[in-house]
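Heads up: the structure comes next, in C-alpha cells.
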Amino acid sequence: MDTLVKERRAEMRILYIDHHEVNDSILNITRLDSRLEALADMITIWAAKNMERLLGTAAPSTQSAEGSISGRTRSRIARAASTSLSGASTKSAVSDGTGLANDISGLGISPKPAALLDNDDAALVANVKELRRWTATKGDFSGSEREMYGPISAFVAFVARCVQMHLLGSATISEEAAKECRLILPGSDADYQPSDADDRTRIDLGLISSLVGDPIASHPRVDYYRLRAVLEAKRSKSEDEDASAQLYEYTHQIFSQQHNLRFAWGLTACAADVRVCHFGPDKAVASEPMDVATSEGRRAFIRLLVTWSLCDDSQLGRDPTMGYMRDKGCWWIDCPDDGYDGGDIGSSTSTSNASVGASSSKMERYYFNTTICLADRLFGRHTRCFPATKDCPAKKVPKGESLKATVVIKDAWAYAKREASEDSRDEVKSMKKIQATFKTKNRQDILYPKIEVGGRVKIKRRGELVEDTTLTIYDGCDSALLDVVASEILFRAHRRIVMSTIGEPLRKVRGVKEFVTVLHDAMQCHYAITKHCRILHRDISENNVLVVRQEDGAVRGLLIDFDCAIDIDEEKTGARGEMTGTYPFMSLNNLSRSEVKRTSLDDWESMLYLLCLYATVGLEKGNERSREELAELPIARWRKDDIGSVTHAKQVHLSSTRSFTEDILDNFNGKDKYVAQLKKLAILLYMTLFANEDAGPLCHGTSKHASGSDAGFKQAIWAELSGNAPPTVLADSISSDGCGPFEMRAQQWELISRQLLDAITIAKNGMDKWRDIAT
C-alpha cells in the first residue's frame with residue numbers, strides 16, 4: 001500500500017472516531033407504509049425459510065418466523081380492509097406454512113409457494129450453496145477476505161430473486177407500483193477500482209439497483225456513479241473499525257460522483273457480522289451487527305435488503321427534485337423560489353418530467369450536463385454547482401458537448417435555523433441584500449453574483465410536502481439519535497439557489513497573471529460587501545472563487561457561496577467557538593475556535609492559503625505537480641482531515657517570515673512564469689496579516705513573543721511590486737512589546753483589510769511591468 005493510501009486511511013480512521021455512532025433506529029429511515037411493510041414481512045419470512053432449507057439448517061419455528069413480523073403489521077392485520085396494494089381484488093393466498101397467510105391476505109398480500117427449486121433458478125441455488133462456508137463462521141472467517149465476496153454476493157442475489165418473484169406476475173402489487181420498487185444486486189467484480197475514482201483505492205463489493213423485471217445477471221465494473229452502497233469485507237470481527245474507516249473512504253467518492261445524492265448507505269461484513277451504515281451530512285450511524293451465522297441474523301439482513309427494494313427512492317438518499325434524462329443526455333433540476341406563493345411543479349415553467357418533490361413555492365426547471373464543483377467531502381454541506389439553462393434540449397446532447405448555460409445553480413446542505421423566517425444566515429437573504437445595496441450604489445465596477453430564484457428544497461414524505469432538512473432525513477429514528485442530529489449546530493437545510501453570471505472553476509485559470517486578477521476581483525467584492533452590506537463571507541476557498549471569461553477575452557474573478565455568511569452588526573456575529581469553512585483554507589483563529597471575534601481578516605488569511613496552495617501545485621497547464629510530489633511537501637499537511645494536524649502545521653509555517661519562506665514560498669512551482677512576483681505578493685500579504693505594526697504592539701507570527709521589525713523588508717517588496725513608495729502607515733516603527741496576534745489585529749480589522757486590498761491591487765495593476773525572473 002503506497003504512502004498516499006496509508007495517509008488517507010489514517011485520516012478516515014480519525015473521521016470514524018469523531019463522527020461514528022451506533023444506533024439501530026437508523027433502519028427506520030427506510031420505514032415503509034403499513035401495506036408495503038406487510039409485504040416486506042411476507043417476503044422476508046418466505047426468503048428466510050427457503051434460505052434455511054437450502055443451507056440445510058433447521059427452518060425457523062412458526063413462532064420465530066412470526067416474530068419477524070412488525071408490530072405495525074400485526075396491528076393492521078386485525079383491521080385490514082380487503083383491498084390490494086393496487087386497489088384490485090385480492091387474489092386468494094397460498095399458505096406458506098406459517099399460519100400467517102390468511103391474516104396477511106387481508107392486506108392484499110399473496111404469499112408465494114415456499115419452494116425455490118425450479119430449473120430457471122438452478123444457477124442461483126448452486127451459488128447459494130456457497131453461503132454455507134460464510135454462515136457457518138463462528139469466529140474469524142476460515143478463508144481469505146477474497147473468498148468472502150462470493151458468498152456475500154450470492155446472499156444478495158438470492159434475496160433479489162425472492163423480491164422479484166413476489167413482485168412480478170401476481171396480485172401482490174400492481175404493475176405501476178412495482179415500477180417504483182427495485183432489485184438490489186451485487187456487482188460481478190470484486191476488489192476493483194471504479195473508473196471514476198479520484199485515487200487508486202479498490203472497493204471490495206458494490207451494490208447496485210435495477211428494474212424489478214430485469215434479469216438477475218452480472219453487472220461488471222460498476223462505477224461510483226451507479227452504486228447504491230459499497231460493502232467492505234474483513235476476515236475478523238476485530239477489524240470492524242478498519243472496515244468502517246475504509247467504508248468512509250469509498251463513500252465520499254459516491255457523494256462526489258452522484259449529483260442527486262442527499263445521504264448515503266454502506267455495509268461492512270466482518271466475518272459473519274454485517275452492519276449497515278448511514279452517512280448523513282454530519283454523522284455516520286451504524287446498526288448493531290447482524291450475525292449471519294444465526295437464523296435471526298440472516299433474517300435481519302434479508303429484511304434490510306427487502307426494505308431497500310421496496311422503499312421510496314428518497315429513503316435511499318436520492319433527491320426526487322432532480323434526475324437524469326437518458327433520451328436528452330442531460331439532467332433536469334427543479335429550483336424553488338421562496339419569494340413566490342402558490343404555484344406548483346405543473347406550472348407553465350415546468351415540463352412533462354414533473355418531479356414528485358414539487359414545492360408549494362413557485363418552481364423553475366433547469367437543465368445541465370456539466371458541473372463546476374462536486375461534493376468532494378464525506379461530511380459537510382455537500383455543495384454542488386451546475387451551469388444550467390431553462391431551455392430543454394430538443395434532442396440528445398452529443399457526448400462531450402456542453403449545454404449553453406445562462407445561470408449557475410448551487411445545491412447545498414447549509415447550517416440553518418429550523419424556522420426559515422428566523423434564519424439570519426440564509427444565503428438567499430444575504431444575496432438579495434447585496435444585490436439591492438450594489439444596485440443602489442451603482443457599483444458596476446464590482447462583479448458579484450446576482451440571484452434569480454432560490455429557497456429551501458421540499459420533497460414529498462408520506463404524501464405531504466416537507467422541507468428537506470436533517471430532521472427529514474432522520475425522521476423515524478429514536479429520540480436519543482434525534483437529539484444528536486437535531487441540535488442547533490448540526491441542523492442543516494437543503495437549499496438551492498440560481499445565480500446569473502457564469503463562471504468556471506478556479507482550476508481553469510491560465511497562469512499567474514490571470515490568477516492574481518481573479519483573486520483581486522473576488523477580494524475587492526469581499527471588501528465592498530463587508531463595508532457596504534455589513535456581511536462577512538467566512539468561507540473563502542477554491543470552490544468559492546470562480547473565473548469569469550468575458551466576450552472581449554478579459555478575465556474576471558467572482559466570489560460566490562454565502563452559506564456561512566453573517567450580518568456583522570448582529571449581536572451574535574462573533575460566533576465565538578464556531579468553525580466555518582474548509583480545513584485547508586480556515587484561518588488559525590477559526591481552526592483553534594478561539595474567543596477572538598471573527599473578522600474579514602480571517603477571510604483574507606483564507607485567501608492567502610488559497611494563493612499558496614495553487615502556487616505550489618502550479619498555475620500553467622503542463623506544469624502541475626503530481627499528487628505524489630505534493631504529498632512530500634510541508635503544505636500537504638494543510639489538506640489533512642485531522643483538524644489538529646492542520647492547525648499545528650499552519651501555526652508552525654506561519655510562525656515567522658523565515659518559516660513561511662522556507663516551508664511554503666520556497667516550494668512554489670518554479671516552472672510557472674512570474675512565480676517570483678507571486679512569492680513577493682504572498683510575503684506582503686503574510687506580513688500585513690502577521691507582522692502588522694498597525695495592530696498596536698508587536699503582532700508577529702502566530703504566538704505571543706517579541707521580535708525585531710520587518711517593516712523595511714515589507715516596504716522594499718511593496719516598492720518592487722508597484723514601483724511606488726508604500727503608504728506612510730507601513731513605514732512606521734514597530735514596538736517590541738509581545739502580544740497575542742489575533743486579538744490585536746482584530747481591533748484594527750477595517751484598516752488592515754484596506755491595506756490588504758491595496759497590496760493585491762498594486763500587484764494586479766503592476767503586472768504589465770512584471771518580468772519573468774528565474775527562480
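Excluded from the calculations below are hydrogen atoms, water molecules and symmetry mates; all remaining heavy atoms, backbone and side chain alike, are included.
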Taking [X] first and then [Y], would you say they form a salt bridge - that is, a charged N and a carboxylate O separated by under 4.0 Å?
| X | Y | answer |
| --- | --- | --- |
| Arg456 | Glu419 | no |
| Asp563 | Lys410 | yes |
| Arg262 | Asp468 | yes |
| Asp423 | Arg418 | no |
| Asp561 | Arg381 | yes |
| Arg182 | Asp313 | yes |
| Asp426 | Arg495 | yes |
| Arg538 | Asp603 | no |

To the nearest 0.5 Å, tell me how far [X] [atom1] sits from [Y] [atom2].
| X | Y | atom1 | atom2 | result |
| --- | --- | --- | --- | --- |
| Ile434 | Ile535 | CD1 | CD1 | 4.5 Å |
| Ser256 | Asp196 | OG | CG | 8.5 Å |
| Cys311 | Asp33 | SG | CG | 11.0 Å |
| Thr383 | Asp539 | OG1 | CG | 8.0 Å |
| Thr501 | Gln550 | OG1 | CD | 9.5 Å |
| Asp391 | Tyr366 | CG | OH | 11.0 Å |

Can you tell if the side chain of [X] reaches within under 4.5 Å of the side chain of [Y], non-hydrogen atoms only?
| X | Y | result |
| --- | --- | --- |
| Thr371 | Cys385 | no |
| Val407 | Phe368 | no |
| Cys330 | Leu403 | yes |
| Pro336 | Met363 | yes |
| Ser402 | Asn369 | yes |

If you take all heavy atoms of [X] and [Y], which pair is closest and at what distance?
| X | Y | result |
| --- | --- | --- |
| Lys328 | Pro393 | NZ-O, 3.1 Å |
| Cys181 | Leu310 | SG-CD2, 3.9 Å |
| Met325 | Cys392 | CE-SG, 4.1 Å |

- Would you mind listing every ring pair (Phe, Tyr, Trp, His ring centres under 6.0 Å) that reaches into residues 420-465, with sequence neighbours excluded? Phe438-Tyr448
Just by distance, with hydrogens left out, do [X] and [Y] show a side-chain donor and acceptor under 3.5 Å apart?
| X | Y | answer |
| --- | --- | --- |
| Thr470 | Arg492 | no |
| Asn543 | Ser541 | no |
| Gln258 | Tyr224 | no |
| Ser600 | Ser753 | yes |

- Task: Test Tyr367 against Trp332 for ring-ring contact (aromatic ring centres under 6.0 Å, His included), laying out the working first.
- Result: CA-CA 5 Å; Tyr367 304 88; Trp332 61 266; 8.4 Å; no
- Message: Could you walk me through whether Glu427 and Lys433 satisfy the salt bridge (Lys or Arg N to Asp or Glu O under 4.0 Å) test, starting with their C-alpha distance in whole Å, then the side-chain angles of each, then the deciding distance to 0.1 Å, before giving a yes or no?
- Response: CA-CA 10 Å; Glu427 185 174 16; Lys433 181 178 180 180; over 6 Å; no
- Message: Can you confirm if the aromatic rings of Tyr474 and His278 lie within a centre distance of less than 6.0 Å?
- Response: yes
- Assess the pair Trp413 and His382: is the distance between their ring centroids shorter than 6.0 Å?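 Trp413 vs His382: aromatic centres not under 6.0 Å.
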- Item | Candidate pair Phe255 and Phe279, rule ring-ring contact (aromatic ring centres under 6.0 Å, His included), full reasoning | CA-CA 10 Å; Phe255 276 112; Phe279 295 90; 7.4 Å; no
- Query: Is there a side-chain contact (heavy atoms from CB on, under 4.5 Å) between Thr201 and Gln193 once you walk through the steps?
  - Reply: CA-CA 6 Å; Thr201 54; Gln193 179 184 343; over 6 Å; no
Sequence neighbours excluded and cut-off under 3.5 Å, please list the side-chain donor-acceptor pairs for residues 506-515, or say none.
unit_1: Lys513; atom_1: NZ; unit_2: Met767; atom_2: O; d: 3.3
unit_1: Glu514; atom_1: OE1; unit_2: Arg510; atom_2: N; d: 2.9
unit_1: Glu514; atom_1: OE1; unit_2: Arg549; atom_2: NH1; d: 3.4
unit_1: Glu514; atom_1: OE1; unit_2: Arg549; atom_2: NH2; d: 2.9
unit_1: Glu514; atom_1: OE2; unit_2: Arg549; atom_2: NH1; d: 3.1

- Item | Qualifying residue for salt bridge (charged side-chain N to carboxylate O under 4.0 Å, His left out) with Arg496, from Asp337, Asp334, Asp411 |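 The single option meeting the salt bridge (charged side-chain N to carboxylate O under 4.0 Å, His left out) with Arg496 is Asp411.
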- Query: Yes or no on ring-ring contact (aromatic ring centres under 6.0 Å, His included) for His19 and Tyr248, after CA distance, side-chain angles and deciding distance?
  - Reply: CA-CA 10 Å; His19 296 267; Tyr248 278 40; 7.8 Å; no
